[in-house]
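Below is one structure, written out as structure tokens, with a few remarks after it.
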Protein chains: 2
Amino acid sequence: MSSNLTAKLSARQEQLLEALRRAEQELSGQDLHARLRASNTPMGLATVYRHLRLLQQWGLVRCRHLPSGEALFAPTERDEHHLTCVDCGSTHRLAHCPVHQLALPGEELNGFLPLFHTLEFFGLCPNCQRRQGRLPAEA
Amino acid sequence: MSSNLTAKLSARQEQLLEALRRAEQELSGQDLHARLRASNTPMGLATVYRHLRLLQQWGLVRCRHLPSGEALFAPTERDEHHLTCVDCGSTHRLAHCPVHQLALPGEELNGFLPLFHTLEFFGLCPNCQRRQGRLPAEA
DNA sequence: GTCATTCTGAGAATCATTCTTGTTTAGGCT
DNA sequence: AGCCTAAACAAGAATGATTCTCAGAATGAC
């Protein structure tokens with residue numbers, strides 16, 4: 001089915017998706033634009049965002065937002081999630097998705113068709129715990 | 001422990017947290033600013049965002065980002081998650097958090113101290129499935 | 001009361017993303 | 001091939017949420 005879908009993608013959409021798949025990690029819209037621009041399939045920034053939005057709507061691309069506000073994009077089939085430090089902002093990839101096969105109860109779904117999910121854990125990394133003098137309740 | 005923390009919060013921080021707790025739903029920074037401004041504890045927009053960031057760092061406030069890019073804030077103790085339609089953007093609250101007591105394996109944590117998490121499901125709502133003519137593979 | 005420090009908020013600045021608009025491309029038709 | 005229409009494109013302007021700046025207000029120590 002996924003192949004059926006991709007068979008119908010436009011050239012630009014294929015190029016975008018390929019660039020994401022080739023990337024070793026999540027990319028921001030700007031990153032993606034810069035990479036494509038440097039490659040042999042350059043395209044405008046507006047085009048990048050326009051198609052990223054469409055690919056999200058087809059369920060082929062997923063995005064998450066860093067605390068900094070920038071959005072990172074990845075292909076949906078890469079089911080990766082992260083620990084993010086609320087203090088220094090560093091992120092650490094989880095080896096396994098703890099929600100992978102989690103089934104949502106039917107009555108929760110209510111006809112909704114799930115395509116993908118995002119799951120992020122926020123907390124303090126070891127470094128920031130050490131210099132947590134800024135925590136109000138610090139004894 | 002949570003009370004220890006809040007005991008050390010500044011007046012402004014208490015006001016913010018109270019406003020969030022009183023709210024029947026998640027609020028954006030702008031919403032929050034407007035509400036406080038209309039209340040008897042008005043405060044500037046910069047102050048709202050400044051303290052929201054701190055409250056997030058203490059683990060008292062959590063935020064999620066809509067596809068539209070706006071950030072919604074809620075008190076951490078309210079463990080709510082959503083289904084969001086990638087097409088029309090409507091969101092539907094889940095009655096129960098499916099990750100509530102989910103324990104992360106210790107080796108995944110690596111010293112990281114989790115404070116809260118975000119979990120969002122994206123997909124198509126019944127309405128958008130009906131007029132999904134825009135799906136590339138639609139037969 | 002005075003001084004130093006922290007906190008505040010109005011408005012400017014930032015910056016990722018989206019919109020506008022004139023141009024280019026693709027493909028069907030004769 | 002030549003022409004036509006509709007869709008796709010890209011550059012730059014516009015948007016809008018969030019962050020920064022900085023001068024004044026509040027706070028607290030002495």
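Residue numbers begin at 1 in each chain, while the letters A, B, ... track the order of the sequences.
Taking the side chain of B/Thr47 as heavy atoms from C-beta on, and the options C/dA10, C/dG9, D/dA8, the nearest nucleotide is C/dG9. The nucleotide whose nearest atom lies closest to any side-chain atom of B/Gln30 is, among C/dG9, D/dA17, C/dA10, D/dA17. Considering only side-chain atoms of B/Tyr49, the nucleotide from D/dC9, C/dA10, D/dT19 that sits closest is D/dT19.
In this structure, B/Leu36 atom CG and C/dG9 atom P are separated by 10 Å, rounded to whole Å. Rounding to whole angstrom units, CG of residue A/Leu52 and P of D/dA8 are separated by 16 Å. For the pair A/Glu70 CD and D/dT18 P, the interatomic distance rounds to 15 Å; values are reported in whole Å. What separates NE2 of A/His51 from P of C/dC19 is a distance of 15 Å, to the nearest Å. The CG-P distance, from A/Leu45 to C/dT20, rounds to 16 Å in whole Å.
Within the 4.0 angstrom heavy-atom criterion, no nucleotide atom of any strand lies near B/His33. Within 4.0 Å (heavy atoms only), A/Arg53 reaches sugar-phosphate atoms of the nucleic acid but no base atom.
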> Should B/Glu120 and B/Arg93 be marked as a salt bridge (charged side-chain N to carboxylate O under 4.0 Å, His left out) after you check the CA-CA gap, both sets of side-chain angles, and the distance that decides it?
Replying inline: CA-CA 10 Å; B/Glu120 302 297 320; B/Arg93 187 162 70 202; over 6 Å; no
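A/Thr76 places a side-chain N or O within 3.5 Å of a backbone atom of A/Val61 that can act as its donor or acceptor partner. A donor-acceptor pair under 3.5 Å is absent between the side-chain atoms of B/Arg62 and the main chain of B/Leu72, judged by distance alone.
The phosphate of D/dA10 has OP1 or OP2 within less than 4.0 Å of a side-chain N or O from A/Arg12. Of the side-chain N and O atoms in B/Arg50, none sit less than 4.0 angstrom from OP1 or OP2 of C/dT6.
For the 3.5 Å distance criterion, the side chains of A/His96 and A/His81 fail to qualify, holding no donor opposite an acceptor.
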